[in-house]
Each structure stands twice: as structure tokens, then as C-alpha cells.
Peer 1: 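I am attaching a structure below and will ask some questions about it afterwards.
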Number of protein chains: 4
Amino acid sequence: MPWKIQLVTNSPAPIFGQIVQQVRQAVAQGLLHAGDRLPTVRELADELVVNPNTIAKAYTELERAGVIAARRGAGTFIADGQCALTAEERERILTRKIEECLTEAVHLGLTQKHVLRLFTETAGRFRWPMK
Amino acid sequence: MPWKIQLVTNSPAPIFGQIVQQVRQAVAQGLLHAGDRLPTVRELADELVVNPNTIAKAYTELERAGVIAARRGAGTFIADGQCALTAEERERILTRKIEECLTEAVHLGLTQKHVLRLFTETAGRFRWPMK
Amino acid sequence: MPWKIQLVTNSPAPIFGQIVQQVRQAVAQGLLHAGDRLPTVRELADELVVNPNTIAKAYTELERAGVIAARRGAGTFIADGQCALTAEERERILTRKIEECLTEAVHLGLTQKHVLRLFTETAGRFRWPMK
Amino acid sequence: MPWKIQLVTNSPAPIFGQIVQQVRQAVAQGLLHAGDRLPTVRELADELVVNPNTIAKAYTELERAGVIAARRGAGTFIADGQCALTAEERERILTRKIEECLTEAVHLGLTQKHVLRLFTETAGRFRWPMK
DNA sequence: GTGGTCTAGACCACT
DNA sequence: GTGGTCTAGACCACC
């Protein structure tokens, strides 16, 4: 992998969830591309010093989300998943996420201008669909 | 309260967490202001039909976060919480939230333009500090 | 539960998959309704004589599919899930299933008339959306 | 072969299983007839770019099911397989398949009318026994 | 050697 | 007492 997964063991976020999020983000940022091979369950388990079942759970979750595809006997690969949800559902999901984000921002005492700048800058580090 | 808390019992999010998030969001949107009185634990427990312990846990969490303050014998009130973190720490926290948001957006197949528009629109419904 | 889950231990289908399919079918046939409570993980594990983790895996899968909703500390309930896939995706998925079904039918040497009758009869035992 | 086998490598379905299903479906749709010659294991392995062992496993499975027959030194041919099961057993097997199909349909939120139309249309693309 | 399933048993978060 | 997470270790299907 072109980068390292960072686990925070003293976190309320479960280990498998941290792995899921970091792989999803790497894909969204274009650090991982469709067809790239992920480390095997056992390799990653050794590297992160967690139980192989925990890695397997993360990979299962990612597969269910269409982010990766596991092939028995061959390994695990980044998929070129297309989201099949309706347009309304997608907006609904994202709006909720954005509201969480903004709630946090206001409570942190940041200004609207500052937040918009941070959002735009960060968006530039992601890999957007062309369509 | 000027608005109703909406609980989704069919949700992986814990009940107390939903309450915390909705109070925080109401404050961030200016629906609740510093000094406003919240319902008592028992009142809210009756209204939402949940265990009083669950409400108490939500209030404890909100107090720990500096969003509300309980005054013995008087009730619970919205605090005018000032965030005591350093500027760097605040940016770090928000950036992580924004990254989660953008990761979701890319996986939903939305365009950068669409997401920026949605973010800006939603930000307009929040109450920002003047500073 | 108004009916019993039947496990075939000598089957290529995994145990958790058999549970998933049978719960899905019970919901589709109207034997289980939104809001109904399922047995606890431990209860069902005892009843079917399998490991609680196996039941938990089945429940997790069903939750991900939106068929049930688990509430920590409260139990597991049938959800009133709405499918948010696009119309094309839904037709695509079902057509593939139908093709599998028909392939099987032809290889069994059944006549078209016979199969259509069986299909229509069986459909009558399901609970269809009104819309 | 009058048509091409399409492998989906990003799929939980095993490669050999996809081959088995597609040959069975081609026979059921009349694209392959009794006596037609199939490619050799090596030819098909080269064409699909998979391990010859995988093709061999698919052929073994198809032969076991009576769909094809290998003749030493001559090649592999589509058999005119007669299903040796009792009428009851055949109905039982098909009913289970139909139930899976209908369970999926209901969960996709499709109407009974829609599903019946799709089933009838698809059935028209299959080659049924005259008997 | 790869991922998938299952068991056994521990601990935690939530109601 | 409920479901959720994690560990440990076994066996199987697939390539």
C-alpha cells in the first residue's frame, strides 16, 4: 500500500471501523485505484498487530459497501463500484453528514469563512468523478 | 423547547447519542440560545418515551462538552460555551470531520460542484460567531 | 417467532446464510411485520444449537440489508425498510434471479406452463407492496 | 461456442461457478444443443485467462449434473440430459428457487404485476421441452 | 496461500 | 440482559 493505516487503540471508534474509514478515504483521494491489490488478511493483521478476524471484518464491510472485491484464493482488490442509490437518497445521506460537520464547526467557534475555506481546500485533495 | 427531538429507534446510533447530536445541532443553528432552559430529565424522558437514565446520560455528555450547564435546584440551561482548544487542534478536528464528509461524497458519486453547493447552502442554515 | 427456522447442517449454504434467507422470506410473506421483536442472539443460539457469534453475523447481515434493526440493550426488531436502489438496478438484480430460476426449471425438464403456474401460485403466498 | 462466457472477477461468486451457471443457462436458452462440442479445457482457460484447473472443475461439475459428457480423445459435448428425479422432488426444488426469487422481489419493493410481467418476458427467451 | 465460516470465550456500551 | 467488538484457533472452498 502506498500509505500506512494508523490505528488509535484508545479510541471509541472500533478498530475495524478505523480500517474501513481509512481505506475508503484512500480510495476517495485517489491513493488507491480500481484493481489495486490490498494486503492479505494475515499480512495486515501482522502489520497492525490485531487479530486476522478483525481485518476480515473490515474487509467484509468494505466489500458490502462495494469499495473492494475479495476473490478467494487470489486476494482482495479495489473495485470500481458504482453507487446505485437514488439521487434523493444520496443527497439525504450527504446532507446529514454535512450537518454533523457544521455542528462541530460552530461548536469549535470557527467562522463561516474559515470553514468554507478549509472545506474547499480539503476537497481539492480528493479525486472527483468527471461526469 | 422551540423544536422537537426526533428519535430514530431503527438506527444503529445510540439513543443518548441522537439526543446529544440534536441538541448540539439546535444550538449551532441558533434554535437554542445561551440561557435557554432545557426540560428536566423526567419531562424529556416522558416526552420521548425512553428511560430517564438515557436522558441523564445525554445531559451528562452535553455538560462534559460544555454545551449545557446544570444549576442545582434550578434546572439545566444552555451554556455560552467557549471552546478552550488551540487553533491548531480545532482545525485538526474539523479537517478530520470534513475528510469523512468528502469521503462519503466521493463514494456516493456526487460531483465536486454539487457537494460545494450543498455545503454552502447548508452552512447558511447555521448561526456563526461574529468574531 | 410464529414459525421455526430450519437448519440443514449438511448444506453448502452457510448456517448464517440460511438464517438470513429464512428471515427475509418470512418478512416477504408477511409472517413477520415491521416492529416485531426477534429472539435475542443468545436465545436463538440456544434454540438452534449454534454459536451466538453465528447468529450475530446473520443479524448483522440482515441489518445491513435494512430488513431488521438492532437496538443495544433493547433487542432486535423488524424494520420497515424501503429499498433506495434505482429502478434499473432493481430490475437488473431481479432479472438475474429469474434467469437462474428458469435455467433450473428447464434443466429439471418442466414445461413452461407448469413453471408459470407454480410461479403464480407461489407469488400468491407473498405479501406485495400496495403501491 | 456461439456466445461468450462473461466472467465478473469482482464478484463473490466463484469463477468455476460462473462458468457452470452460464453453460447451464446457454443450454436452457437453446444457444447450445445436445451434441455441440465445447472448447477444450486449455482453449477455454486461455480464452478466459484463468487457471486450467478452474475450467476442469467447472466441467467436472457440469458432467456430474448431466449437462455435458466427455468422450475420451474426442472432446466434451453437450448431453441430452434427462432429469431422473421424481416429479415431487423437481417441484420441491423449483419451488424453493421461486421462493428465493420472490423474496428478493418483495424486498426490492416491486409490485406483483411488475414481477409477473418480468418473469413471463424472461421465460420467453428460454427453450422449453415440448412434452 | 487466499478469503470464508464457525466455535469458544472475554469484555464493553447501551437500555 | 441486550447487542457489539475483539481475540484465539480450527477447518474448508477456491485458485
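Order of the sequence lines sets the chain letters (A, B, ...), proteins ahead of strands, with each chain counted from 1. Excluded from the calculations below are hydrogen atoms, water molecules and symmetry mates; all remaining heavy atoms, backbone and side chain alike, are included.
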Peer 1: Do C/Q25 and D/E99 have side-chain atoms, one donor and one acceptor, less than 3.5 Å apart?
Peer 2: yes
Peer 1: Any side-chain heavy atom of A/I78 sitting closer than 4.5 Å to one from A/H33?
Peer 2: no
Peer 1: Nearest 0.5 Å, please: how far is CD1 in D/I19 from CD1 in D/I55?
Peer 2: 3.5 Å
Peer 1: Check this for me, if you would: do A/E61 and C/R64 make a salt bridge, where the nitrogen-to-carboxylate-oxygen distance has to be below 4.0 angstrom?
Peer 2: yes
Peer 1: Taking for each residue the nucleotide of DNA chain F with the nearest heavy atom, is it C/T60 or D/T54 whose nucleotide lies nearer the 5' end?
Peer 2: C/T60
Peer 1: Under a 3.5 Å distance rule, please check whether C/E104 uses its side chain to pair with a backbone N or O of D/L94 as donor and acceptor.
Peer 2: no
Peer 1: Any heavy-atom pair between the side chains of B/T40 and B/E43 that's under 4.5 Å?
Peer 2: yes
Peer 1: Closest-nucleotide mapping onto DNA chain E: is C/R42 or C/N53 further toward the 5' terminus? I mean the 5' end.
Peer 2: C/N53
Peer 1: State whether A/R92 and A/E89 are salt-bridged, where the test is any N-O pair (Lys NZ or Arg NE/NH1/NH2 against Asp/Glu carboxylate O) under 4.0 Å.
Peer 2: yes
Peer 1: Please tell me which of A/A56 and C/V50 maps to the more 5' nucleotide of DNA chain E, matching each residue to the nucleotide holding its nearest heavy atom.
Peer 2: A/A56
Peer 1: Do the side chains of A/R71 and A/T76 get nearer than 4.5 Å, heavy atoms only?
Peer 2: no
Peer 1: Check whether any side-chain heavy atom of A/L38 lies under 4.5 Å from a side-chain heavy atom of A/F77, and answer yes or no.
Peer 2: no
Peer 1: Inspect the surroundings of CZ in A/R96 and state if more than 12 heavy atoms from other residues, nucleotides or ligands are less than 6.0 Å away.
Peer 2: no
Peer 1: Return the residues of residues 11-21 of chain A meeting this criterion: a heavy atom under 4.0 Å from some atom of DNA chain F. Order them by number, or give none.
Peer 2: A/P14, A/I15, A/F16
Peer 1: In the structure I gave you, are the side-chain heavy atoms of C/I98 and C/T95 within less than 4.5 Å of one another anywhere?
Peer 2: no
Peer 1: On DNA chain F, compare the nucleotides closest to D/N51 and C/G75; which residue's is nearer the 5' end?
Peer 2: C/G75
Peer 1: Taking heavy atoms of chain A and a 4.0 Å limit, find me the 5'-most and 3'-most nucleotide of DNA chain F within that range.
Peer 2: F/dT5 to F/dC15
Peer 1: How many whole angstroms separate atom CG of B/L7 from atom C1' of E/dC14?
Peer 2: 14 Å
Peer 1: Taking Watson-Crick (N1-N3 plus N6-O4 or O6-N4) and G-U wobble (N1-O2, O6-N3), each under 3.5 Å, can you produce the dot-bracket string of DNA chain F? Use [ ] for crossing pairs and | for inter-strand ones.
Peer 2: ||||||||||||||.
